[in-house]
Amino acid sequence: MMQVNEEYWRNYWEEKNIFKADEKGKKFYVLEMFPYPSGDLHVGHLRNYVIGDVYTRYYKMKGYSILHPMGWDAFGLPAENAAIQRKISPKEWTLENISVSKATFKKLGITYDWDREVTTCLPDYYKWTQWLFIQLYENGLAYRSNAPVNWCPSCMTVLANEQVESGECYRCGTEVTKKDLEQWYFGITKYADRLLEDLEDLPLWPEKVKLMQRNWIGRSYGVTVNFPLKSGNGEIKVYTTRPDTLYGVTFMAVAPENPLLNSLDITPEKRQELDAYIDQARKKSEVERTGTKTEKDGVFTGVYAINPLTGEDVEIFVADYVLATYGTGSVMGVPAHDERDFSFSKKYSIPIKVVINPEDEQLDISSMTNAYIEPGIMTDSGEFTGMISSDAIEKIIEHLEAADKGKRTVNYRLRDWLISRQRYWGAPIPMIHCPDCGMVPEKVENLPILLPDSRKVDYVPKGTSPLGSVDDFVNTKCPKCGKDAKRDTDTMDTFVDSSWYFLRYTDALNSDSIFSKQKADYWLPVDLYIGGVEHAILHLMFSRFITKFLHDIKMISHQEPFKQLFTQGMVMNRINGDLEVMSKSKGNAVPVGPFVEKEGVDVARGTILFIAPPEADLEWKESSVDSIKRFISRIQTVLDAEEGNNDDKEIRYQTHLLVKKVNSDIERFKLNTAIAAMMEYVNFIHKKMESADFSLSKDTKAMFIKVMAPFFPYLAEEYNKLIFGGGSIFEKQWPVHDETALMTDQIEIPVQIKGKLRAVITVGRSATKEEILKLAYSNPNIKKHLQGMTIRKEIYVPGKMVNIII
RNA sequence: GCCGGAGUGGCGGAAUUGGCAGACGCGCUGGAUUCAAAAUCCAGUGUCCUUUGGGAUGUGUGGGUUCAAGUCCCACCUCCGGCACCA
C-alpha cells in the first residue's frame with residue numbers, strides 16, 4: 001500500500017517554487033480572508049483555506065499564473081487583552097501566535113507564496129496604512145468631527161456604526177452607549193452612490209451580500225422642505241420621501257441633539273421642561289430610544305411652524321425617536337398617513353388630517369385605527385387634489401422647488417466611517433496637532449510613526465488613548481513650522497488595515513511605495529475571494545471604498561477589488577448540547593494540528609469538503625473522517641493494481657464522464673459532489689476488477705490522478721511519481737474530456753403511463769420514435785397496464801422519455 | 001414589522017434546462033472472511049401492501065398550471081439570516 005510522505009511533497013512544492021506566482025500570461029488571484037492570529041488554527045479555518053487551495057491547484061493545472069498569498073490581520077483588541085492578563089507585550093503575543101498558525105499552515109501544505117506574507121502590525125506594513133491615511137486626508141476624505149459616537153464601555157473605545165449590532169458591541173456584546181467625542185472619520189458617504197451602483201458590475205457576488213450592502217447604504221430619494229417659524233424669521237428643514245402627504249402635516253418633531261433648538265423662541269418654563277427631557281433622552285440607549293418596541297414620546301416646545309403649502313400652524317415637538325444624524329435631524333409628522341405619527345398624535349392629541357384616500361373609500365378620522373400608508377387619491381390638497389398620490393410626489397417637488405420652499409434631496413443611511421480608536425494595539429494616526437498650524441499630516445518620509453515599545457505604555461484601557469501617556473511619542477515638532485507640537489494619540493480601526501491588504505500582496509516587499517501600479521494592475525481584481533458572510537458589510541464595503549479611492553488617485557486601474565466572492569458556510573460544533581459556531585473564544589474549537597497529524601492532510605481535506613456543500617453550515621463530527629479514509633484506501637486498491645491494457649468503451653465512458661463532472665462541479669462550487677463522483681468512479685472500477693481480470697491502463701490512471709489532485713494532493717503526487725516517474729502533478733495539464741467518449745451506443749428510455757413509471761427500455765442511440773414506441777408497447781408490464789385501455793396521446797421527448805396517456 | 005434564503009429517508013446531503021426522487025456517504029440489517037475481534041468484502045435499506053411479477057404512496061401544509069412538478073404559480077406554516085422607527 002502506498003505510503004504518503006507529506007513532508008517530502010511540502011518541501012518539494014516549496015523548494016521547486018511550484019506555486020510561486022510567475023506573473024506571466026493569464027493570471028488567477030485566489031484569496032481567502034486573512035485570519036486574526038489567535039494561535040492554533042481550528043477546523044473552521046481549515047475549511048476556508050482548503051477551499052481556496054483546491055481552486056489554486058485546479059487553476060494552476062489549467063495553466064494560469066497563480067497568486068495565492070497569506071497574511072495576518074494582526075492588530076486588534078485580543079492581543080491587548082491577552083497582554084493585560086498575562087503581562088506580556090501585545091507584539092510578542094501576536095508574533096508568537098503567528099508562528100504557531102504559520103507552522104500549521106505549512107504542515108497542511110496549502111499552496112501559499114510565503115514570500116508575499118503580510119503582517120499588519122509590523123512597521124513595514126502599517127507604514128503604508130499611515131500613508132493611505134495621509135492620502136485620504138489630503139483628498140479631503142479624512143476629517144475630525146465632534147459628534148455623539150458609539151462607545152463600548154467594556155472595550156473602552158469608540159465603535160463604527162457598522163460595529164454596533166442591535167445596540168451591542170460586535171465584539172463583546174456589551175450595550176453600546178453614546179459619548180460626545182472628537183473623532184477621525186473617513187468620508188465613505190462621498191462614495192455612497194458609486195458603492196451602490198457598482199454592485200451592478202459584480203455578477204459573481206452572492207445576491208444576498210449585494211442586497212445587504214444596498215440596504216446598508218440605504219439610498220432614498222425625496223425632498224428637503226422648509227417650514228418657516230410662526231414667530232421670528234427662522235425656519236426648520238425636514239427631509240421626506242412622501243411629499244404627497246405634505247398637506248396632512250400637523251406637527252413636527254426635532255431630535256434632542258439638534259442645535260436649532262437653541263435658536264427657538266421658547267419660554268423659560270418650557271425651556272426647563274425641555275432640558276429635563278433632553279437630558280433624560282441622552283441617558284437612554286439607542287435601542288431604548290429608537291427600538292420598535294418602545295412607545296414614542298416627546299415634549300411640545302410651545303413653538304409653531306407654518307406648513308409651507310397650507311399656511312396652517314404646525315406644533316413643534318422635541319422627540320427622542322428622531323435621529324440627529326439622519327436627514328436634517330427633524331421630521332414632519334403626518335398622523336393620517338404614517339403609523340408612527342398616528343400613534344404619536346393619539347398620545348398628544350394632535351389633529352389628524354386625511355389627504356390621501358383609497359380609490360374606493362373615504363377615510364373617516366373618527367373611525368381610523370391605523371394610518372393609511374398606501375398610495376391613493378389626493379384629497380384636500382389644494383391644486384393637487386384628485387391626482388394619484390404617487391404621481392403627485394414629483395409634481396409637489398417641482399412646485400416646492402419653483403417656489404423656493406424645498407429642494408430635491410438624496411439621502412443615505414450610510415454614515416461616514418469612524419476610524420479612530422482609543423487603544424494601543426493599532427496603527428498610530430500620522431497626524432500632528434500644532435498650536436499655530438493646526439492639524440498637520442506627518443511628512444511621508446518620516447513614516448512609519450512607530451508604536452512606542454509596550455513597556456513604556458500604560459495601555460490598560462481607561463477610555464483615553466494609551467499613547468497619550470508616552471511623552472516622547474506625544475511631543476514632536478510640527479512638520480510645517482518646526483515648533484513644538486503634539487502627535488495624535490488615537491490608533492486606527494483594524495478594518496483600515498484589512499481594507500487594502502489584498503493590494504499589498506501584489507507587491508509585498510516594495511519598500512519605496514505601497515505597491516507598484518503595474519503589479520497591482522496585473523493581479524487585480526482578486527478572481528476568487530473566499531470568506532465568511534459575516535464580513536458582508538464591514539470588510540467588503542470598506543475594501544471597495546479604499547479600492548475606489550486608490551483608483552481615483554491613479555494608484556490602480558480597477559474600481560472593484562473582488563471579481564468573484566464566495567461565502568463559505570460556518571463550521572459548527574456542539575458544546576453542552578448546543579450547536580455553536582466553532583471558535584476559540586467559545587471553547588469548542590477543534591485544533592487542526594493534532595487532527596492532521598492523526599489522520600493525514602488528505603483525509604482532513606476530503607472530510608471537510610465532502611460532508612456538506614461549501615456554502616452550507618456544517619456540524620463537525622470526528623466520525624465524518626471514516627468515509628474518506630475508506631475511499632482513500634479504495635483509491636489505493638485501484639491504483640496499486642498493475643497497469644492493464646484492456647480498457648473498453650465503458651471505462652472510457654466512465655473516465656470521461658468523471659472528468660466532465662469534476663470539472664463542472666469545481667466550476668459551480670460543488671466540491672462535495674465532485675468527491676461523490678470520484679467515489680462512484682472508484683467503486684465502479686473496483687467492482688469491475690472483482691468480477692473480471694481487469695485493471696486500469698496507464699493513460700486512464702493518469703486522468704484519474706489529475707482529477708483527484710486538487711482534492712488529495714499528496715496521494716496524487718505519490719502516484720504521479722510511482723507511475724509516471726516524478727515531477728509535480730501540478731505542473732501537468734488538467735485533463736479535457738472527450739465528448740465522443742460520452743456517446744454510448746445504447747440509451748435507456750423510461751416509459752410512463754399517465755405520468756407513472758412502468759418500464760425502462762434500452763434502445764439504440766439512433767432509434768426513431770416509431771422504433772422506441774414499438775418496443776415500449778411490446779414490454780410486458782406496459783402491455784399489462786394498457787389492457788382494455790384506449791390510448792389518447794403519446795408523448796415522446798427525444799432521447800429522454802415516453803409518456804402514454806390513456 | 002420589512003427584506004432575503006431554506007424546508008427532501010434514522011442522519012449529512014444529490015437531483016445542472018419541468019422529464020426515472022433519494023446519487024454519494026454515514027448509520028442500520030444480513031452474509032463472507034476470522035479461533036475471535038478490528039479491518040476488508042458482498043447483499044439489502046423512504047413508507048405501506050405483495051402471489052416477489054409488481055402495486056400504492058412519498059420532497060413542510062393546502063390549492064393550481066402541465067402529458068409530466070422537489071423544480072413553475074397562489075395562499076399558509078416552520079426554521080435560519082439581514083435590517084429594525086432612516087422619516
Side-chain angles (χ1 to χ4, degrees), chain A residues 165-167 206-216 218-220 222 238-242 245 252-253 286-287 289-294 296 319-323 325-334 338-341 343-344 411-415 533-534 536-537 607 610-613 615-619 621 623-631 633-634 637 661 664-665 667-668 670 672-683 686-687 690 748-760 780-781 784-785 792-797 799-806:
Chain A
E165 294 167 351
S166 322
E207 281 307 318
K208 177 192 165 89
V209 172
K210 288 192 277 187
L211 188 70
M212 282 164 74
Q213 292 211 355
R214 281 188 193 107
N215 291 342
W216 189 262
R219 187 185 143 111
S220 77
V238 298
Y239 169 73
T240 181
T241 55
R242 289 293 304 273
T245 64
M252 90 193 332
E286 184 113 349
V287 174
R289 277 177 58 168
T290 61
T292 33
K293 286 168 203 83
T294 48
K296 311 303 169 274
D320 66 9
Y321 71 85
V322 181
L323 303 170
T325 47
Y326 185 80
T328 62
S330 310
V331 297
M332 63 187 211
V334 187
D338 182 287
E339 218 47 78
R340 178 182 47 193
D341 295 345
S343 50
F344 195 84
N411 241 316
Y412 302 91
R413 187 181 172 278
L414 181 72
R415 290 295 115 76
V533 74
E534 66 274 17
I537 292 167
T607 303
F610 181 63
I611 48 182
E615 75 281 2
D617 292 349
L618 66 82
E619 181 182 352
K621 287 185 191 138
S623 62
S624 305
V625 299
D626 293 343
S627 57
I628 296 294
K629 280 162 89 170
R630 262 171 233 174
F631 174 49
S633 93
R634 192 165 271 204
T637 308
K661 172 84 175 146
S664 80
D665 279 356
E667 297 286 348
R668 63 193 188 106
K670 291 283 186 181
N672 56 329
T673 55
I675 292 177
M678 288 186 254
M679 286 174 167
E680 259 180 287
Y681 179 77
V682 169
N683 288 347
H686 188 258
K687 194 159 277 185
E690 292 237 316
E748 292 194 324
I749 302 280
V751 181
Q752 298 177 348
I753 293 171
K754 269 174 81 178
K756 288 202 161 108
L757 182 72
R758 296 302 177 191
V760 179
N781 201 41
K784 195 177 103 190
H785 280 92
R792 300 219 310 251
K793 203 172 174 186
E794 287 163 346
I795 288 154
Y796 170 62
V797 184
K800 279 268 171 76
M801 53 106 53
V802 172
N803 193 2
I804 300 163
I805 313 304
I806 50 174

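By convention in this document, chain letters (A, B, ...) are assigned in the order of the sequence lines, proteins followed by strands, and residues within each chain are numbered from 1.
B:rG70 sits 49 Å from B:rU34 when the P atoms are compared, rounded to a whole Å. Between the C1' atoms of B:rC26 and B:rA37, the separation comes to 22 Å (whole Å).
Checked by atom type and distance alone, the side chain of A:N672 never pairs as donor or acceptor with a backbone atom of A:I611 at under 3.5 Å.
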Close N or O pairs between protein and nucleotides 65-68 of chain B (under 3.5 Å):
residue : atom : partner : partner atom : Å
B:rC67  : O2'  : A:N803  : ND2          : 3.2
B:rC67  : O2   : A:N803  : ND2          : 2.8

Find every protein N or O atom lying less than 3.5 Å from an N or O atom of nucleotides 25-27 of chain B, and list the pairs.
residue : atom : partner : partner atom : Å
B:rG25  : OP1  : A:N683  : ND2          : 2.7
B:rG25  : O2'  : A:S627  : OG           : 3.3
B:rC26  : OP1  : A:R630  : NH1          : 2.7

Could you write out each protein N or O paired with an N or O of nucleotides 51-54 of chain B at a distance under 3.5 Å?
residue : atom : partner : partner atom : Å
B:rG54  : O2'  : A:K784  : NZ           : 3.3

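Partners of A:E748 under the side-chain hydrogen bond (donor to acceptor under 3.5 Å, both in side chains) rule, at least two apart in sequence or in another chain, do not exist in this structure. In this structure A:A676 satisfies the side-chain contact (heavy atoms from CB on, under 4.5 Å) test together with A:F610, sequence neighbours excluded.
In secondary-structure terms, RNA chain B builds stems of at least 3 consecutive Watson-Crick or G-U pairs, each pair having both distances under 3.5 Å, at B:1-7 with B:77-83, B:10-12 with B:24-26, B:27-32 with B:40-45, B:46-49 with B:54-57, B:60-64 with B:72-76.
Comparing B:rC20, B:rC83, B:rC3 against the side chain of A:L211 picks out B:rC3 as the nearest. Residue A:P750 places its side chain closer to B:rC20 than to any other of B:rC20, B:rA14, B:rA87.
Mapped onto RNA chain B by nearest heavy atom, A:I675 and A:L618 fall at different nucleotides, with A:L618 at the one closer to the 5' end.
Looking at A:K661, its side chain comes within 3.5 Å of the base of B:rU16 through a donor and an acceptor atom.
Between A:K687 and A:E690 there is no salt bridge, since no side-chain nitrogen of the basic residue lies less than 4.0 Å from a carboxylate oxygen of the acidic one.
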